Amino acid sequence: MSLFHKKSSTDSLNNAVKLITVAHPNSPISEQFRTIRTNIHFAGVDQELKTIAFSSANQSEGKSTVTANVAVTWALEGKKVLFIDADLRRPTIHQTFGLNNNHGLTTILSSKADSIELTDYIKPSGIDHLSLITSGPIPPNPSELLGSDRMTTLIKNVSQAFDLVVIDVPPILEVPDTQVLSAHLDGLVLVVREGQTRKAAISRAVDVLKISKTRILGFVLNDHNAKDAGYGYGYGYGYKAEQGSK
Ligand SMILES: Nc1ncnc2c1ncn2[C@@H]1O[C@H](COP(=O)(O)OP(=O)(O)OP(=O)(O)O)[C@@H](O)[C@H]1O
Ligand SMILES: [Mg+2]
């Protein structure tokens, strides 16, 4: 059975993403995820990076796959990582890690309680050092929730309790959710899918992020040279830190 296969653009709604860093930690692809991790680390030499989102211009460009695998590589390195599913429109973390999604981020954000016991919502992933907050039930008002003071407070609190908070967020050009959240984070990595993401879309996404004063940490090129890479699964990742992106 093949580990990876191409799917239609809506598949990520109903399917877990593939954790190759767990299934094949010594594969060249897992090595590339470790390179991405290292390059993000270098992007943060001047300023500590604790809260990092991964997004893309449009949907189905590989955000969730890249985010989940990079989060795993950080955890395998021994960092205490919290992985939050803030893609409240097309969430995947619960399926990737086989968890129920009856409560999660949306439950925390929509609660009227003055204080919430976060440990009730932070779930173990089954991987050492990696904890999860799943999306929770899909709400009618995702951007309102992600832009709320409650979300900013949550990010602040969890960033004190974890070494790294990694966040899967919706595509930049399709909904305002990422824009309202990303300025409160230490940085954002843009996932670009070779052969799919148009240059104009990348450039518009960068403009939108600049307007919202988001620090762009760099780009992950997903599906890069899939045929030439010879890795069998058609996966390839490249990473290039953008100069003067802020
Ligand atoms: N390099 C790749 N090669 C083959 N398939 C890939 C690659 N990257 C992602 N995929 C597949 O493409 C689909 C979309 O990937 P993923 O769910 O990671 O994207 P996404 O940007 O999070 O999508 P969404 O916008 O729905 O949240 C998934 O089925 C995933 O397995
Ligand atoms: Mg996704």
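Computed from a predicted structure; not experimentally measured. For ligands, and for the atoms within them, numbers begin at 1 and follow the listed sequence.
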**Prompt:** Considering residues at least two apart in sequence or located in another chain, which fulfil the salt bridge (charged side-chain N to carboxylate O under 4.0 Å, His left out) criterion with Glu77?
**Reply:** Arg37, Lys79
**Request:** Looking only at distances, please establish whether an N/O atom of ligand 1 is found under 3.5 Å from an N/O atom of Thr92.
**Result:** no
**Item:** Short N or O distance, Lys63 and ligand 1, threshold 3.5 Å exclusive
**Value:** yes
**Message:** Out of all atoms in ligand 1, which are within 4.0 Å of some heavy atom of Arg90? Include the element for each.
**Reply:** 24 (P), 25 (O), 26 (O)
**Chi angles and distances behind the salt bridge (Lys or Arg N to Asp or Glu O under 4.0 Å) call for Arg193, Asp223** = CA-CA 6 Å; Arg193 191 157 185 173; Asp223 237 347; 3.1 Å; yes
**Asked** Looking only at side chains, do Ser135 and Asn101 share a donor and an acceptor under 3.5 Å apart?
**Response** yes
**Asked** Within the structure, does Arg193 bring an N/O atom to less than 3.5 angstrom of an N/O atom in ligand 1?
**Response** yes
**Request:** For Asp87, counting its heavy atoms only, list the atoms of ligand 1 lying under 4.0 Å from any of them.
**Result:** 27 (O)
**Message:** Quick check on contacts: which atoms of ligand 1 are under 4.0 angstrom from a heavy atom of Thr65?
**Reply:** 9 (C), 15 (O), 16 (P), 18 (O), 30 (C)
**Request:** Have a look at Leu49 and tell me which of Thr51, Ile52, Val45, Asp46 forms a side chain to side chain contact (heavy atoms under 4.5 Å, CB included) with it.
**Result:** Ile52
**Message:** Is the contact between Lys18 and ligand 1 made by the side chain, the backbone, both, or neither, using heavy atoms and a 4.0 Å cut-off?
**Reply:** neither
**Item:** Gly62 N/O to ligand 1 N/O under 3.5 Å
**Value:** yes
**Asked** Taking both backbone and side chain into account, is any N, O or S atom of Thr65 nearer than 2.8 Å to the Mg ion (ligand 2)?
**Response** no
**Request:** Between Gln59 and ligand 1, find which residue part has any heavy-atom pair under 4.0 Å and reply side chain, backbone, both or neither.
**Result:** both
**Asked** Name the one of Lys123, Gln95, His103 that satisfies side-chain hydrogen bond (donor to acceptor under 3.5 Å, both in side chains) with Thr134?
**Response** Lys123
**Message:** Quick check: Ser64 and ligand 1, any N/O pair under 3.5 Å apart?
**Reply:** yes
**Prompt:** Checking side chain to side chain contact (heavy atoms under 4.5 Å, CB included) for the pair Asp163/Trp74: CA distance, chi angles, key distance, verdict?
**Reply:** CA-CA 10 Å; Asp163 295 327; Trp74 263 313; over 6 Å; no
**Contacts of type salt bridge (charged side-chain N to carboxylate O under 4.0 Å, His left out), residue Asp177, not counting sequence neighbours** = Arg89
**Request:** Taking Lys50 for its side chain and Val158 for its backbone only, find out whether a donor-acceptor pair lies under 3.5 Å.
**Result:** no
